[in-house]
**Q** 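Please find one structure pasted underneath; my questions will follow.
Letters go in sequence order (proteins before strands), and every chain restarts at 1. Note that the structure is predicted; figures quoted are calculated from it, not measured.
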Amino acid sequence: MENEKFAQIFLELASLLELAEDNPFKIRAYGKAAQSIESFSGSIEDIYKKGGLKALQEIPGVGQHIAEKIEEYILTNKVSAREKLLKQFPPKFLELLTIQGMGPKTAVMLRKKIGIDSVDKLAKAAKAGKLKGLAGMGEKKEQNILRGIELKEKSRGRFLLSEATDYAHALVEWLQKVKDIDKIMPAGSLRRGCETVGDLDILVTAKSSKKIMDHFVKFPEVAEVLAKGETKSSVVLKNGMQADIRVVPPASFGAAAHYFTGSKQHNIHLRELGVKKGLKVNEYGIFKGKNKIAGKTEEEMFKTFGFPFIPPELRENRGEWEAAQKNKLPKLIELKDIKGDLHIHSPATDGTDPIEKIAKVAKKLGYEYIAITDHTESTRVAGGLTEKEMLKHFEEIDKINSKIKGITILKGAEVDILPDGTLDYSNEVLKEMDIVLAAVHSRFKMPEKEMTDRICKALKNKYVKILTHPTGRLIGEREPYAVNLEKVLKVAADTGTHIELNANPHRLDLNDIYCHKAKELGVKVVIATDAHNADSLYLMYFGVITARRGWLEKKDVLNTLPLKNLLNLL
DNA sequence: GCCGTTTTCGGCCCGACTGTTTTCAGTCG
């Protein structure tokens, strides 16, 4: 069972307890546990099976009672506390909380007073004007609720990091037209490099904010203004994405940058440390009584508590504070460390740009090498080559290689792993290649054990050097196939095979958590774009930022090696 | 409900915006 499932259960329990007006700290404890479980690397279910309740309680935020609930769910597929609350607050009623502006207090009040127990009923009542006049409800609240319901229908949830990045750039460019702006910086999950982004957070420093707010809500992509205040405004863009802006004085830049970058749990940790030391931490600075003692830079924020700078990608409360305390933060990989791209398709199969053009862009990126790795026979939809065609294709690459100066083109292929775990090319052909990639492109719905065995068998082929897009997921479009990645990584460690972090923003596969796991197990990661045209080589950025989220350093990534060392290793 | 080199009991992060209020509750991030 996925960790996410457990996380959802505790998030739901937190909502249910809110409705029941239970102890707010208890509610927060459930929320905290949910977050901790979701980002836990390793399977919660395995932890329980190996170490029981005691092992579960090793997870931060999980104590006796939550551990017992996890146990109950594993054994009976139910949590009785949740079942009991769900009787009182059925799922349809719970859905009210997903509407912007509707919180537990309002939901409970509306049900008590006029029997509203679903979004449908709420919409009808609001349209009929039956809400105004109730406690704390007026004309505007009624309209806001209707708007919230509409917004929910339009909203697309989370967005790919790449899409959010594009909008953030456009918004920053728009804001730069205002005079008197000191700094503009996208913060939030975008700055942390999360694979999906819920909304854009833009931080601005300036002495006065009125003009900035006026200009912000006039951004041409704005569909609706949710709130507009003196220092903080929120809008919904035409694509359904929410964008928030916050203006603070220049002297508070560091504190605000830290605060608006998050994550929430990371921030709370710092504030709790503050409380223990008698300091108050907020978005304006660190305060001792009324005196501000830090806040101009992020470095200062960390230094005040004796920590080195923690890069944004690590701020998930996944051990970065402990590592910082011991001065054991990783020196994260950077884009400039990448020496080449090892997964590229050419027009020989489903790529669109000639190899010469790809090589030219790669040179511009400062690469020493690229690998052309086209599809093999079984991936017919992508025009996979037969062995004979592939060998002919290699002759073409040789010719281009001899013509082009300043970069080396490696010959390879993305070979299909057949359902029985064998490859669709013979070893005689594989040994002609500089680099062999292997991938699953068919029969995604195999049971976990079969899929795991299938992939592990392929890794044991001595010619296979890299497993590409290890789970086959497409973010928001296709679930990963059922595979025991931990087992795959262990086999990769044994066989000296490398694992791809596919940099395409739709894939980012391996994800951050398993990158970390790979590092722990001593498996080197290859960050590659899987480019089907020259422009896609620029997607390397998304791979690198994901690798940084997985705590990877230069030495953990294969394609940071200079050509000579790479060839030796292969 | 969790957690602890100031605690095994008594704490638990902090502030902005909105709308409906006569001083603040609810919601959000």
**Q** Rounded to whole angstrom units, what separation is found between the CZ atom of A:R192 and the P atom of B:dG29?
**A**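 Distance, rounded to whole Å: 14 Å.
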**Q** Return the nearest nucleotide to the side chain of A:K140; candidates are B:dC14, B:dT20, B:dG15.
**A** B:dT20
**Q** Could you check which of B:dC14, B:dG19, B:dC12 has an atom nearest any side-chain atom of A:N282?
**A**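 Comparing B:dC14, B:dG19, B:dC12 against the side chain of A:N282, the answer is B:dC14.
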**Q** Given the P atoms of B:dT7 and B:dC12, what is the spacing between them in whole Å?
**A**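 Between the two P atoms, the distance is 16 Å.
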**Q** With respect to the phosphate group of B:dT20, does any side-chain polar atom (N or O) of A:K132 fall under 4.0 Å of OP1 or OP2?
**A** no
**Q** Rounded to whole angstrom units, what separation is found between the CZ atom of A:F260 and the P atom of B:dG15?
**A** 12 Å
**Q** Using atom OH of A:Y30 as one end and atom P of B:dC2 as the other, report the distance to the nearest whole Å.
**A**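 My rounded result for the distance is 7 Å.
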**Q** Quick one: is B:dG29 close enough that its OP1 or OP2 comes under 4.0 Å of any side-chain N or O from A:S234?
**A**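 For A:S234, the contact criterion (side-chain N or O under 4.0 Å from OP1 or OP2 of B:dG29) is not met.
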**Q** Between A:N23 and B:dG1, does any side-chain N or O lie under 4.0 Å from OP1 or OP2?
**A** no
**Q** Taking any heavy-atom pair under 4.0 Å as a contact, classify A:Y259: base, sugar-phosphate, or nothing.
**A** base
**Q** Any idea which of B:dG29, B:dG15, B:dT18 is nearest the A:D201 side chain?
**A**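 Closest of the options to the side chain of A:D201: B:dG29.
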**Q** How would you label the contact of A:K276 with the nucleic acid (heavy atoms, under 4.0 Å): base, sugar-phosphate, or nothing?
**A**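 Counting heavy atoms under 4.0 Å across all strands, the contact made by A:K276 includes a base.
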**Q** Expressed as a whole number of Å, how far does the C1' atom of B:dT6 sit from that of B:dC14?
**A** 24 Å
**Q** Between B:dT27, B:dC17, B:dG29, which one does the side chain of A:D199 approach most closely?
**A** B:dG29
**Q** Are A:E45 and A:K5 ion-paired here, with the side-chain N under 4.0 Å from a carboxylate O?
**A**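 No, this pair does not count.
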**Q** Which label fits A:H215 and A:W174: parallel for a plane angle under 30°, tilted from 30 to 60°, or perpendicular past 60°?
**A**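 A:H215 and A:W174: parallel rings.
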**Q** From the list B:dC17, B:dT20, B:dG1, which nucleotide is the closest neighbour of the side chain of A:T231?
**A** B:dC17
**Q** Between B:dG4 atom C1' and A:H269 atom NE2, what is the distance in whole Å?
**A** 13 Å
**Q** Rounding to the closest angstrom, what is the interatomic distance between B:dT21 and B:dG26 at atom C1'?
**A** 12 Å
**Q** Side chain of A:A29, heavy atoms from C-beta onward: which of B:dT18, B:dC2, B:dT20 has the nearest atom to it?
**A**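 My answer, after comparing the listed nucleotides, is B:dC2.
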**Q** With a 6.0 Å cut-off (strictly less than), is the heavy-atom count around CD of A:E173, excluding the residue itself, greater than 12?
**A** no
**Q** Of all the nucleotides listed (B:dG29, B:dT27, B:dG15), which has the minimum atom distance to the side chain of A:K280?
**A**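 Closest nucleotide to the A:K280 side chain: B:dG15.
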**Q** So which nucleotide does B:dT8 pair with, by the Watson-Crick or G-U wobble rule with both distances under 3.5 Å?
**A** none
**Q** Using a strict 4.0 Å threshold on nitrogen-to-oxygen distance, state whether A:K78 and A:E72 make a salt bridge.
**A** no
**Q** Consider side-chain hydrogen bond (donor to acceptor under 3.5 Å, both in side chains). Of A:K218, A:K210, A:K211, which one does A:D214 pass it with?
**A** A:K210
**Q** With rounding to whole Å, what would you report as the distance between B:dC17 and B:dT22 at their P atoms?
**A**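 Roughly 23 Å separates the two P atoms.
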**Q** Given atom CG of A:N267 and atom C1' of B:dG15, what is their separation to the nearest angstrom?
**A** 13 Å
**Q** Reckon A:S233 touches a base, only the sugar-phosphate, or nothing at all at heavy-atom distances under 4.0 Å?
**A** nothing
**Q** Would you say the side-chain atoms of A:R191 and A:T261 include a donor-acceptor pair closer than 3.5 Å?
**A** yes
**Q** Using the C1' atoms only, state how far B:dT23 lies from B:dG29, rounded to an integer number of Å.
**A**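 Pairwise C1' distance, B:dG29 against B:dT23, rounds to 25 Å.
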**Q** To the nearest angstrom, how far is A:I268 atom CD1 from B:dC28 atom P?
**A** 16 Å
**Q** Please tell me whether A:S43 and A:E486 have a donor and an acceptor in their side chains that are separated by less than 3.5 angstrom.
**A** no
**Q** Would you indicate what A:L226 reaches in the nucleic acid, counting non-hydrogen atoms under 4.0 angstrom: base, sugar-phosphate, or nothing?
**A**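 Here A:L226 touches no strand at all.
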**Q** Please tell me which of the listed nucleotides, B:dG15, B:dG29, B:dC2, lies nearest to the side chain of A:I66?
**A** B:dC2
**Q** Looking only at atom P, what distance separates B:dT27 and B:dT20, rounded to whole Å?
**A**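 Pairwise P distance, B:dT27 against B:dT20, rounds to 14 Å.
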**Q** Parallel, tilted or perpendicular: which describes the rings of A:H266 and A:H258, with under 30° parallel and over 60° perpendicular?
**A** tilted
**Q** For the pair made of CG in A:D244 and P in B:dG29, what is the distance, rounded to whole Å?
**A** 7 Å
**Q** Ignoring backbone atoms, test whether A:Y284 places a side-chain nitrogen or oxygen under 4.0 Å from the OP1 or OP2 oxygen of B:dA16.
**A** yes
**Q** With heavy atoms under 4.0 Å as the rule, sort A:P60 into base, sugar-phosphate or nothing.
**A** sugar-phosphate
**Q** When the distance from NZ of A:K264 to C1' of B:dT27 is rounded to whole Å, what number comes out?
**A** 11 Å
**Q** So if I take every side-chain heavy atom of A:H65 and compare against B:dC2, B:dG19, B:dG29, which nucleotide ends up nearest?
**A** B:dC2
**Q** On DNA chain B, does the nearest nucleotide to A:G63 precede the nearest nucleotide to A:V281 from the 5' side, or the other way round? Give the residue.
**A** A:G63
**Q** Tell me if B:dT20 is syn or anti. Syn = glycosidic torsion within 90° of 0, anti otherwise.
**A** anti
**Q** Would you kindly compare A:I99 and A:K232 by the position of their nearest DNA chain B nucleotide and give the one closer to the 5′ end?
**A** A:K232
